[in-house]
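See below for the structure under consideration.
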Amino acid sequence: MDVTAILDPLNDAQREAVTSPLEPVLVLAGAGSGKTRVLAHRVAWLCGVEGVSPHGVLAVTFTNKAAGEMRGRIESLLGMPAGSLWVGTFHGLAHRLLRMHWREAGLPQTFTVLDSDDQLRVVKRVLKDLELDDSRHPPRELQWFINARKDEGLRAEHLDAGDDPNRQVLIRVYAAYQAACDAGGLVDFAELLLRAHELWLQNEDLLAHYRRRFGHVLVDEFQDTNTIQYAWLRNLAGPGGVPFVVGDDDQSIYGWRGAKVENLRRFQKDFPKTRLVKLEQNYRSTGNILNAANALIANNAGRLGKRLWTEGIEGDPIRVYSAFNERDEADFVIGRIKALADSGTPYSDMAVLYRSNAQSRVFEEALITQRIPYRVYGGLRFFERAEIKDALAYLRLIANRGDDPAFERIVNVPTRGIGARTIDALRDYARANMTSLWNAAGHLASDEGVNRRTSNAVRAFLTLIEALDAHTRGLDLHEQVDHVIEASGLVAHHGKDKSERGDARVENLQELVSAARGFEPAPDSEMRLVDEFLAHAALEAGEAQGGAWEDCVQMMTMHSAKGLEFPTVFITGMEDGLFPHQRSLQDPRGLEEERRLCYVGATRAMRELYLTYAEQRRLHGIDTYGLPSRFISELPGELVEEIRPHVQVSRPYAPAAPRRAETTPSGISLGQRVRHRKFGEGVVLNYEGQGHHARVQVNFENEGAKWLVVAYANLETM
DNA sequence: CATACAGACATAAAC
DNA sequence: TGTCTGTATG
């Protein structure tokens with residue numbers, strides 16, 4: 001084992017963390033301080049120097065991507081594949097455990113993993129079964145409630161509604177939802193974690209076994225753990241355990257989905273001899289950017305405390321641009337993008353960040369008109385697309401006839417004459433007889449009292465599924481998928497749609513066949529390949545879009561920017577109410593999370609950071625006038641450079657004949673003939689103000705005299 | 001049963 | 001203002 005390869009690339013703090021004695025370690029790792037590297041090198045250190053077998057190491061991340069990268073780095077450091085090393089997401093690891101110990105966990109061997117979309121369907125169905133009005137009890141809220149309780153480790157029977165009738169309903173739905181899942185062998189994401197946690201609690205032997213096996217547990221992005229994940233982890237490590245966790249309280253931006261920053265302090269309390277290592281040297285950004293970020297985050301209370309520094313240059317100041325409105329904001333950003341591109345910067349070195357997805361529109365439109373390539377992060381990912389989920393639902397139903405969500409999803413896709421009424425009847429029967437929709441359908445198909453057309457349609461569906469089952473048996477996975485998408489009629493169904501959308505769907509279905517062909521199961525899996533593929537599809541939604549590697553401007557929310565870096569970053573929409581978001585202003589904790597989000601955004605920038613805001617913004621169809629975000633004023637003035645707007649008409653004015661025409665600050669002369677897109681041609685009569693606020697009075701031939709804001713009016717000189 | 005239309009609604013998102 | 005959802009309509 002080459003120890004220098006492990007230690008040489010590390011600075012002192014990183015090395016301290018990596019070579020810590022076998023005791024609990026909390027690494028407070030600032031943005032861009034090399035935390036992933038520390039984690040990977042720690043594993044390499046344990047295996048290469050401390051003599052720990054990879055078999056005894058468990059590394060946990062929050063995304064599959066991070067897990068994949070982690071394994072890659074570890075294996076390249078160790079110089080060999082480490083198959084027995086467990087690296088994965090909390091959900092992936094929990095899933096693995098439950099597959100291995102389904103009996104102890106009280107699950108059927110063939111349980112199905114529900115994604116949030118499936119879960120919502122089940123909730124809706126439960127609401128119907130309970131005859132609750134879904135406008136008074138929005139399914140999404142119920143779903144949220146159920147997941148939040150599970151994330152806290154609470155089951156319906158642990159909850160007490162008191163006299164609150166609304167809460168009584170919530171709890172009733174939770175209980176009914178869980179009963180439906182249990183009956184159908186369905187496990188949602190939160191349930192994976194909760195079951196895995198209960199598996200520890202209820203099986204001492206099992207827990208003891210895994211404690212013995214995993215003497216070394218490592219966790220990335222520890223500030224993002226929720227209650228149940230932390231409990232699971234703490235149990236696994238055990239009282240004398242030596243977990244190694246890496247996180248940053250200043251980058252905790254997922255409180256709204258259950259993450260508990262408090263887990264950092266809790267860790268120090270639960271593992272009293274914890275060694276705390278701070279990584280504060282930053283290898284990403286300029287000094288000015290770091291100082292601005294430090295100053296900003298210093299406004300938060302109760303931090304563990306950390307100050308980023310760099311050996312690198314001070315760099316450019318933070319540039320703040322005050323736009324007249326959101327279109328001017330986009331024009332400014334795109335102007336800078338063009339200028340950078342002209343001087344040789346690749347588009348992919350530039351990122352436009354915003355608080356909410358809706359803000360991307362204006363930028364997209366402007367980028368399209370300027371023919372600048374861009375990529376928007378977010379949106380539906382491969383396995384979340386409707387046509388893919390339909391195809392998977394066929395596979396699910398073939399594999400497990402009791403999978404009601406799958407049944408409901410495809411019973412009439414493509415349409416085969418089984419409408420809402422029929423499905424209602426099936427549901428009623430299934431509920432009354434405590435059985436699956438599949439069995440209900442079997443009953444209805446042979447029921448003399450039912451409309452012939454209906455029973456025929458249902459029978460045809462049953463026959464189809466049985467036929468698919470029979471035909472796919474023994475085939476390779478990709479052949480199964482291929483057969484299913486063809487014989488189910490899905491391909492023909494989408495093929496009839498001659499639009500671009502239809503073509504894309506057919507392509508996606510074919511892509512699913514390729515995905516199946518390339519699918520590799522875990523080496524020690526005892527599951528059938530289809531089942532494993534289905535679980536994979538639920539647990540790993542896949543990439544959002546192809547073309548990620550093309551040279552294009554990167555656009556995304558600040559949340560999705562976490563973990564990424566770009567030479568030039570534009571943080572847009574810096575207005576109070578937008579960022580910090582209105583809904584976070586009520587409580588101080590919400591505001592602090594927004595500030596951390598701003599910190600995350602700012603620390604994405606390597607060389608240049610721009611902050612932009614619009615004085616006027618069209619939101620949901622109405623014009624709003626916002627104030628610059630308070631986060632801007634929290635930056636030290638000496639680090640900030642305000643960019644003076646230079647208002648220009650589309651063609652600089654070249655005086656034709658008149659001498660010494662009085663010129664407005666924006667370059668338009670009095671008496672000048674101008675053209676406006678809507679109002680037509682006219683003559684400039686007067687002007688006032690400067691910069692953004694510069695306005696001119698134009699006497700239009702058809703519309704009469706009007707005051708226009710030069711920055712916005714887009715006047716053409718003639 | 002597919003499409004049209006009205007009405008509601010609008011923070012962020014991995015597994 | 002744009003998008004999505006559910007219902008009305010042909």
Side-chain angles (χ1 to χ4, degrees), chain A residues 60-67 88-96 113-120 124 134-135 138-140 144 147 150-151 187-194 196 220-221 224-226 228-229 252-259 326 353-362 364-365 377-381 383-384 412-422 453 457 493 496-497 535-544 556-563 573 577-586 590 593-594 596-598 600-601 617-624:
Chain A
V60 197
T61 62
F62 273 83
T63 66
N64 291 298
K65 197 166 151 240
T89 62
F90 279 101
H91 292 88
L93 297 168
H95 176 251
R96 191 165 176 180
V113 179
L114 292 187
D115 68 14
S116 17
D117 193 65
D118 300 322
Q119 185 187 34
L120 187 63
K124 283 182 180 165
D134 61 2
S135 60
R140 287 198 181 276
W144 182 274
N147 290 335
K150 287 189 179 185
D151 284 348
V187 178
D188 60 58
F189 289 140
E191 186 72 16
L192 286 170
L193 301 176
L194 184 50
D220 195 9
E221 305 280 16
D224 288 341
T225 50
N226 66 27
I228 197 81
Q229 288 161 340
S252 161
I253 56 174
Y254 286 112
W256 52 274
R257 67 177 199 208
E326 75 276 6
L353 308 184
Y354 34 79
R355 175 65 232 266
S356 59
N357 288 307
Q359 288 168 251
S360 72
R361 270 191 76 90
V362 196
E364 288 189 66
E365 283 165 5
Y377 281 67
L380 278 193
R381 313 229 300 287
F383 286 112
E384 291 167 352
N412 203 31
V413 178
T415 46
R416 47 175 75 87
I418 303 174
R421 298 186 70 109
T422 311
R453 193 137 54 114
H493 174 68
K496 298 200 292 234
D497 180 353
H536 166 83
L539 286 165
E540 183 161 4
E543 279 291 306
M556 69 196 79
T557 64
M558 275 170 281
H559 281 93
S560 21
K562 188 167 161 224
L578 234 203
F579 188 39
H581 194 272
Q582 196 62 42
R583 293 166 80 146
S584 317
L585 291 177
Q586 332 304 341
E593 185 155 309
E594 295 284 298
R596 293 193 291 266
L597 186 57
C598 189
V600 167
R617 181 181 294 275
R618 190 146 219 174
L619 269 182
H620 316 315
I622 34 173
D623 286 328
T624 49

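Sequence lines set the chain letters: A, B, ... in the order given, protein chains first and strands last, and positions in each chain run from 1. As a basis for the values below, the full set of heavy atoms in this structure was taken, side chains included, without hydrogen atoms, waters or symmetry mates.
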A:Q119 and A:S116 side chains, donor-acceptor separation under 3.5 Å: no

Return whichever of A:R416 or A:R355 has its heavy-atom-nearest nucleotide of DNA chain B closer to the 5' end.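 That would be A:R416.
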
Ignoring hydrogens and geometry, is there a side-chain-to-backbone donor-acceptor pair from A:E326 to A:V362 under 3.5 Å? no

Side chain A:Q229, main chain A:N226, donor-acceptor under 3.5 Å: yes

Where chain A begins and ends its contact with DNA chain B, read 5' to 3' at 4.0 Å from heavy atoms: B:dC1 to B:dC15

Please determine if A:R140 and A:D134 form a salt bridge, counting it only when a charged side-chain N lies under 4.0 Å from a carboxylate O. no

Check this for me, if you would: do A:K150 and A:D188 make a salt bridge, where the nitrogen-to-carboxylate-oxygen distance has to be below 4.0 angstrom? yes

Validation row: [X], [Y] side chains within 4.5 angstrom (heavy atoms):
| X | Y | result |
| --- | --- | --- |
| A:V113 | A:F189 | yes |
| A:L353 | A:T557 | no |
| A:T61 | A:E221 | no |
| A:L578 | A:Q359 | yes |

When all nucleic acid strands are considered with a 4.0 Å heavy-atom cut-off, which category describes [X]: base, sugar-phosphate, or nothing?
| X | answer |
| --- | --- |
| A:N357 | sugar-phosphate |
| A:L114 | nothing |
| A:N64 | sugar-phosphate |
| A:S116 | base |
| A:G417 | sugar-phosphate |
| A:F62 | sugar-phosphate |

Starting from C1' on C:dT1, measure out to CZ on A:R617 and report it in whole angstrom.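 The answer, rounded to whole Å, is 13 Å.
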
C:dC4 P sits how many Å from A:D134 CG, rounded? 20 Å

Looking at A:R618, does any N or O in its side chain come under 4.0 Å of the phosphate oxygens OP1/OP2 on C:dG2? no

Can you give the dot-bracket line for DNA chain B, using ( ) for pairs inside the strand, [ ] for pairs that cross earlier ones, | for pairs with another strand and . for unpaired bases, where Watson-Crick and G-U count if both distances are under 3.5 Å? ||||||||||.....

C1' spacing across the pair C:dT3 / B:dA14, given as an integer number of angstrom: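 Rounded to whole Å, the distance is 23 Å.
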
I'd like the P distance from C:dT5 over to B:dA12, given in whole Å. 15 Å

